[in-house]
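Comments concern the structure below.
Just follow the structure's listing: the first ligand is 1, and inside any ligand the first atom is 1.
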Amino acid sequence: MDTFLIQGGRPLAGEVAVSGAKNSALPALAAALLTAEPVVLERIPAVRDIGTMESLLKHIGAGVAVDGGTVTIEAGKLNEPEAPYDLVKTMRASSLVLGPLVGRTGRARVSMPGGCAIGARPINLHVSALEQLGARISQAHGYIQAEAPGGLRGSLVHFDRITVTGTEDVLMAAVLADGETVIENAAREPEVSDLAALLTKMGAKIEGAGTSTITVKGVAKLHGARHAIIPDRIEAGTFLIAGAMTRGDLRIMNCEPAHLHALVARMRQGGAEIVEEGPNALRVRAARRLEAADITTEEYPGFATDLQAQYMAMMTAANGISFITETIFENRFMHALELMRMGATIRIEGRQAIVAGVPALTGAQVIASDLRASASLVLAGLVAQGETVVDRVYHIDRGYERIEEKLRGAGAGIERRGQAAAGKA
Ligand code: EPU
């Protein structure tokens with residue numbers, strides 16, 4: 001198992017480039033199941049979750065050709081409309097094939113996701129939305145079975161709670177349904193809009209993506225398309241935080257500043273200087289220690305839960321006390337305990353973490369528990385005194401493309417040790 005060895009205390013400087021968004025690439029790959037023609041996706045990040053989704057598409061019978069960041073999927077003939085347990089257990093987002101499979105083939109069998117490190121995360125909302133489109137759903141042997149032999153029919157779908165992949169799943173089901181679907185209380189995340197942009201290129205009729213009401217007019221057939229995935233706003237945000245925490249001067253290239261307003265506003269409040277340089281770059285500078293500023297995670301355009309752990313790492317070394325409130329997931333503070341091993345002062349009270357900034361963190365051996373938690377430990381390591389060893393970095397490899405190389409390019413003291421480093425993985 002790989003580990004990261006980090007020597008703290010080096011300010012980041014220069015440039016770092018952002019990859020395509022993992023959480024946009026995953027539904028885009030699943031959307032390719034909706035047509036028999038080739039779908040060509042550009043800027044697909046080389047991260048582990050993408051590899052898992054590609055394996056899943058192959059299992060279902062699609063051809064998948066990877067050429068650098070360009071992936072071509074050809075789902076001419078599907079053999080197995082099924083997401084098996086072995087794949088779903090390593091990645092919950094496998095449930096994204098449910099909607100397109102029922103939409104295209106009239107049936108799907110998807111393993112139910114179990115618990116995960118950041119909470120219970122059921123898929124009941126996906127299921128009830130598909131039922132509203134006329135799918136018959138049953139559960140047995142740990143699988144969800146969906147059937148719509150006569151095809152899905154357009155309907156009003158109201159989500160009781162905002163769900164990102166739930167919105168994406170039902171959107172993909174609705175594009176081939178008979179008639180009009182209105183999705184209310186839809187997620188407004190940029191990844192949903194990106195999926196709608198791809199589906200529109202494939203011939204779908206969608207209005208309102210990016211707002212909380214999406215209207216879909218079903219079409220009989222979709223065709224092939226070429227689409228470039230949006231930049232990863234969570235990776236960009238992680239680099240912004242890295243630049244400010246290390247009191248560096250860092251340019252974040254190939255990003256979409258409009259997707260980062262909530263984070264940028266908070267960081268400016270804390271004293272970081274962040275300016276837009278051109279349409280796709282942000283420059284972050286912090287000449288002194290940041291001041292503490294509170295955050296509450298919310299659905300987009302609020303503060304992203306996927307940046308909460310990284311923000312907490314920044315607050316552990318800020319001046320003052322900050323309140324961090326997590327409203328999206330019930331158990332997303334696992335990183336706090338590890339940050340405390342590095343000298344952070346944090347008290348958890350239910351869904352709130354109270355962080356009292358300390359003048360300096362100290363390097364320690366820590367364990368990554370999930371993707372964003374691992375990123376927060378790497379960030380803490382970049383400013384801690386001495387050496388930090390982050391164990392189980394396979395979590396970070398699920399969603400960050402070569403993060404150690406990117407950070408090293410900006411002057412960080414970080415190295416990978418283990419199998420992948422030796423070229424065996
Ligand atoms: N929820 C339900 N039932 C459902 C679906 C969701 O109760 O059927 C609950 C969840 O348990 C959670 C809340 O609703 O408490 C919101 O979850 P959501 O469905 O929006 O999350 P998701 O779609 O499973 C995506 C991202 C996550 C990100 C969340 C929130 C992808 C592939 N994953 O998950 O990304 O944290 O939205 O923004 O898009 C990550 O990249 O590290 C990551 C976890």
query: Heavy-atom count around Arg136 CZ within 6.0 Å, excluding the residue itself: above 12?
result: no
task: Would you mind running through ligand 1 and noting each atom that sits below 4.0 Å from a heavy atom of Ile123?
output: 4 (C), 8 (O)
Inter-residue atom distance Ile183.CD1 - Leu133.CG, 0.5 Å rounding: 8.0 Å
message: Any nitrogen or oxygen of Asn23, side chain or backbone, less than 3.5 Å from one on ligand 1?
response: yes
query: Just by distance, do the side chain of Arg251 and the backbone of Arg283 share a donor-acceptor pair under 3.5 Å?
result: no
query: Taking the side chain from Ser24 and the backbone from Ile229, do they hold a donor-acceptor pair closer than 3.5 Å?
result: no
message: Yes or no: does Pro122 have any heavy atom under 4.0 Å from an atom of ligand 1?
response: yes
task: For ligand 1, find out whether one of its N or O atoms is nearer than 3.5 Å to an N or O atom of Leu125.
output: yes
message: Out of all atoms in ligand 1, which are within 4.0 Å of some heavy atom of Arg332? Include the element for each.
response: 36 (O), 42 (O), 44 (C)
message: Checking contacts here: is it the side chain or the backbone of Asp370 that comes within 4.0 Å of ligand 1, counting heavy atoms only? Could be both or neither.
response: neither
- request: Would you please say whether a donor-acceptor pair under 3.5 Å links the side chains of Gln308 and His335?
  value: yes
task: Would you check if Asp169 and Ile123 make a side-chain contact, meaning some heavy-atom pair closer than 4.5 Å?
output: no
field: ligand 1 atoms in contact with Lys22 (distance to a heavy atom under 4.0 Å)
entry: 40 (C), 41 (O)
query: When rounded to the nearest 0.5 angstrom, what is the spacing between CD1 in Ile274 and CG in Leu250?
result: 11.0 Å
field: Any donor-acceptor N/O pair, Asn185 side chain to Phe159 backbone, under 3.5 Å
entry: yes
Ligand 1 N/O within reach of Thr305 N/O, cut-off under 3.5 Å: no
- request: Identify, by atom number and element, the atoms of ligand 1 in contact range of Arg92, meaning under 4.0 Å from any of its heavy atoms.
  value: 24 (O)
- request: For ligand 1, find out whether one of its N or O atoms is nearer than 3.5 Å to an N or O atom of Leu371.
  value: no
- prompt: Side chain, backbone, both or neither: which part of Asp306 has a heavy atom under 4.0 Å from ligand 1?
  reply: side chain
message: I'd like to know if the side chain of Glu80 pairs up with that of His59 as donor and acceptor (distance under 3.5 Å, no hydrogens or angles considered).
response: no
statement: For His126, the atoms of ligand 1 under 4.0 Å from one of its heavy atoms are 8 (O)
query: For ligand 1, is there an atom lying under 4.0 Å from some heavy atom of Glu299?
result: no
query: To the nearest 0.5 Å, what is the distance between CG (Asp306) and CG (Asn23)?
result: 6.0 Å
query: Which heavy atom in Leu130 sits nearest to a heavy atom in Ala173, and how many Å separate them?
result: CD2-CB, 3.5 Å
task: Identify, by atom number and element, the atoms of ligand 1 in contact range of Ile328, meaning under 4.0 Å from any of its heavy atoms.
output: 12 (C), 13 (C), 15 (O), 16 (C)
message: Suppose I only count heavy atoms of Thr165 and a 4.0 Å limit; which atoms of ligand 1 are within that range?
response: 22 (P), 23 (O), 24 (O), 31 (C), 32 (C), 39 (O)
query: Under 3.5 Å, N or O to N or O, is Ala93 touching ligand 1 that way?
result: no
query: Just wondering, are more than 12 heavy atoms of other shown residues or ligands nearer than 6.0 Å to CZ in Arg392?
result: no
message: Side chain, backbone, both or neither: which applies to Glu191 and ligand 1 if a contact is any heavy-atom pair less than 4.0 Å apart?
response: neither
Under 3.5 Å: N/O of Glu168 near N/O of ligand 1: no
message: If you take the nearest heavy atom of each of Gln308, Arg372, Glu298, which one is closest to atom 41 (O) of ligand 1?
response: Arg372
